[in-house]
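Working notes for the structure below.
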Number of protein chains: 2
Amino acid sequence: MTGSTFKIDQNVRCSACPIRHRAVCAYCEPDEVVQLDAIKSYRTFAAGDTIAMAGDETSKIGSIVSGVATLSRTLPDGRRQMVGLLLPSDFVGRPGRRETPFDVVAATETTLCLFQKRQFEALIASTPSLERRLLDMTLDELDSAREWMLLLGRKTAREKIASLLAIMARRDAALSKATPMDGIRFSLPLTREAMADYLGLTIETVSRQISKLKKERIIVLEDARHIRVPDFISLLNEAGDDSDGGFIA
Amino acid sequence: MTGSTFKIDQNVRCSACPIRHRAVCAYCEPDEVVQLDAIKSYRTFAAGDTIAMAGDETSKIGSIVSGVATLSRTLPDGRRQMVGLLLPSDFVGRPGRRETPFDVVAATETTLCLFQKRQFEALIASTPSLERRLLDMTLDELDSAREWMLLLGRKTAREKIASLLAIMARRDAALSKATPMDGIRFSLPLTREAMADYLGLTIETVSRQISKLKKERIIVLEDARHIRVPDFISLLNEAGDDSDGGFIA
DNA sequence: TTAAGGCCTTGATCAAGATCAATAGGCTGG
DNA sequence: CCAGCCTATTGATCTTGATCAAGGCCTTAA
């Protein structure tokens with residue numbers, strides 16, 4: 001516990017985290033000085049690793065530094081539904097909760113920045129702006145989850161696939177700062193099974209719908225994990241609504 | 001703006017609100033003294049009234065005093081998905097947001113306790129425990145929404161209906177303090193259409209599945225809006241999982 | 001009292017997506 | 001190099017829930 005403090009800047013790697021502001025320090029306002037690194041550690045998981053199981057007691061919480069993790073719930077007979085996709089900067093775990101209610105699984109190699117829950121909670125208690133930030137993030141997640149409910153309950157398989165691709169495309173575009181309106185290329189760091197669990201479909205249906213979109217030239221598969229979208233608008237049209245359906249976590 | 005303060009007690013109607021603690025004052029810790037009534041007003045909506053439309057700018061936020069309201073989202077072609085059921089004590093609107101992202105509609109006659117958003121936000125800023133409480137409530141809602149995603153994505157029509165009935169039964173049981181393990185009777189303040197929108201089904205499927213459960217004696221319909229469950233456990237078995245699936249808002 | 005409209009139920013048919021099954025391609029390790 | 005495994009694709013068939021359609025019941029209003 002060295003207890004040093006550091007200053008966070010919007011676009012500069014902070015002194016303690018190997019990533020940009022929003023990523024690890026999503027909990028702080030820009031330019032705020034917070035004493036965090038004293039209670040911080042890192043851990044990396046391989047693709048497929050279980051980070052936490054539903055019902056686990058957790059002593060740590062943290063955020064995604066790099067990689068993609070998934071949040072899901074499984075019925076006793078094995079049916080599984082993904083309920084969140086965790087991308088860099090997203091939060092894992094709950095301040096104030098004893099158990100994780102969902103399974104957390106690494107979809108790709110994933111590095112987490114972890115805090116001892118108890119210490120993080122103490123930090124929250126003494127830092128109102130941090131709590132503010134958490135509330136804000138949670139409200140965003142809630143909106144995203146509800147948007148996803150619309151997809152799960154009412155969209156066709158084709159619309160579901162198009163929506164997911166649009167989200168992934170947007171995400172990549174946001175990272176690379178390119179405008180998403182002209183042809184874009186992006187990686188799809190999910191297996192067909194993960195997509196199926198995400199969309200409430202079977203892998204066969206996912207595969208078929210992707211093949212169809214490919215045949216119709218709406219998307220171009222460079223390989224199973226890399227996709228190019230010549231005309232983003234026509235992909236959006238297939239998604240069923242004009243909203244950005246910004247499901248992140 | 002009288003600005004008087006009042007003390008809230010867990011089981012006693014508070015001096016300013018016609019309902020019990022958790023109901024209107026879900027934002028306060030029990031026994032906490034808060035200056036709220038200065039900025040408060042009430043409004044009642046008839047069944048079917050639209051309380052707010054998606055995209056509306058809102059100047060007020062508040063909570064449900066009595067009745068049931070729904071939160072939903074509609075696709076351009078009219079497909080609708082309910083994304084939340086708002087019961088007494090639930091929160092309507094967002095501190096810190098300009099627009100409501102979902103339609104809010106009264107399912108029954110509904111009374112809201114409203115605060116000017118600006119003033120409520122100021123209250124939050126000066127009352128850390130209130131923010132804490134909001135974060136807590138939002139996390140609960142997020143868990144519920146995710147639980148509901150499992151239902152929408154992976155459960156059969158029969159399981160969906162059983163899950164909804166179990167939730168409504170539990171809710172009534174909680175209000176009347178009865179143990180939900182023996183025969184219970186409860187009201188179902190939703191039309192078949194609302195249930196369909198809630199569960200991602202059509203009204204015909206809802207009707208058929210309810211008829212089936214009736215024929216199998218798992219439920220007894222006293223009339224279209226009142227149901228008796230002779231054996232709660234057997235209803236739960238039909239719901240597909242043992243979790244309480246506690247979807248509230 | 002009858003007419004009209006809203007809500008619910010039930011039946012017949014249809015289609016989207018699930019299920020079952022076979023095959024192909026890519027990696028990994030021997 | 002090939003065997004074994006994992007992931008993805010594609011085809012054939014089946015099932016669940018949607019769609020289309022008719023009618024019943026209840027409430028409200030003329």
Side-chain angles (χ1 to χ4, degrees), chain A residues 46-49 70 75 77-81 105 107-109 151-165 187-216 219-227 238 240, chain B residues 46-49 75 77-81 105 107-108 151-165 187-216 219-227 238 240:
Chain A
D49 279 5
T70 66
L75 290 172
D77 64 2
R79 283 174 285 174
R80 193 184 317 145
Q81 176 63 49
V105 178
T108 64
E109 180 170 286
L151 176 145
L152 289 174
R154 294 301 188 192
K155 287 193 180 178
T156 64
R158 182 186 177 91
E159 289 168 339
K160 286 176 174 182
I161 296 285
S163 298
L164 176 59
L165 295 180
S187 72
L188 194 60
L190 298 175
T191 63
R192 295 288 183 264
E193 190 185 20
M195 287 191 254
D197 286 344
Y198 202 12
L199 300 169
L201 298 171
T202 59
I203 52 173
E204 293 95 330
T205 299
V206 169
S207 186
R208 269 186 257 273
Q209 293 297 336
I210 288 183
S211 297
K212 224 177 194 176
L213 289 174
K214 188 179 74 178
K215 220 167 288 166
E216 298 173 20
I219 60 173
V220 179
L221 263 86
E222 307 198 335
D223 60 68
R225 297 292 180 86
H226 288 91
I227 292 188
E238 300 300 332
Chain B
D49 280 4
L75 289 172
D77 64 3
R79 281 173 288 174
R80 195 183 316 145
Q81 176 63 49
V105 178
T108 64
L151 176 145
L152 289 173
R154 294 301 189 193
K155 286 192 181 178
T156 64
R158 182 185 176 91
E159 289 168 339
K160 286 177 174 182
I161 296 285
S163 299
L164 177 59
L165 295 180
S187 71
L188 193 60
L190 298 174
T191 63
R192 296 287 183 265
E193 191 185 19
M195 286 190 255
D197 286 344
Y198 203 12
L199 301 170
L201 298 171
T202 59
I203 51 173
E204 293 96 329
T205 299
V206 169
S207 185
R208 269 185 258 272
Q209 294 298 335
I210 288 182
S211 297
K212 224 177 194 175
L213 289 173
K214 189 178 71 178
K215 221 166 288 166
E216 298 172 22
I219 60 173
V220 180
L221 264 85
E222 307 197 336
D223 62 64
R225 298 291 181 87
H226 288 92
I227 292 189
E238 299 301 332

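We name chains A, B, ... by the order of the sequence lines, and we start the count at 1 in each one.
In this structure, A/K160 and A/G200 approach most closely via the heavy-atom pair NZ-O, 3.8 Å. Of all the heavy atoms in A/R80 and A/D197, the pair that sits closest is NH1-OD2, 3.1 Å.
B/R79 contributes a side-chain N or O that, together with a main-chain N or O of A/R154, makes up a donor-acceptor pair within less than 3.5 Å. A donor-acceptor pair is defined here as one N or O able to donate and one able to accept, closer than 3.5 Å; no such pair exists between the side chain of A/K214 and the backbone of A/L221. A/E159 places no side-chain N or O within 3.5 Å of a backbone atom of A/E238 that could act as its donor or acceptor partner.
Contact annotation for B/T202: base contact, defined as any heavy-atom pair under 4.0 Å involving a base atom. When heavy atoms are screened at a 4.0 angstrom cut-off, A/G48 is found touching no nucleic acid atom at all.
Side chains of B/Q209 and B/L201 form no contact here, defined as non-hydrogen atoms less than 4.5 Å apart. Two residues are said to be in side-chain contact when any heavy atoms from C-beta on lie closer than 4.5 Å; A/T205 and A/I161 fail this criterion.
Rounding to whole angstrom units, CG of residue A/L190 and P of D/dT7 are separated by 13 Å.
Checked against salt bridge (Lys or Arg N to Asp or Glu O under 4.0 Å), A/R192 has no partners two or more places apart in sequence or in another chain.
A nucleotide of DNA chain C counts as in contact with chain B when one of its atoms lies under 4.0 Å from a heavy atom; the first and last such, 5' to 3', are C/dC8 to C/dA12.
Residues from residues 203-210 of chain A with heavy atoms under 4.0 angstrom of DNA chain C, sorted by number: A/E204, A/T205, A/R208.
Projected onto DNA chain D by closest heavy-atom contact, A/L221 and B/L201 fall at different nucleotides, the more 5' of which corresponds to A/L221. When the nearest nucleotides of DNA chain D are assigned to A/E193 and A/R154 by heavy-atom distance, the more 5′-ward of the two goes with A/E193.
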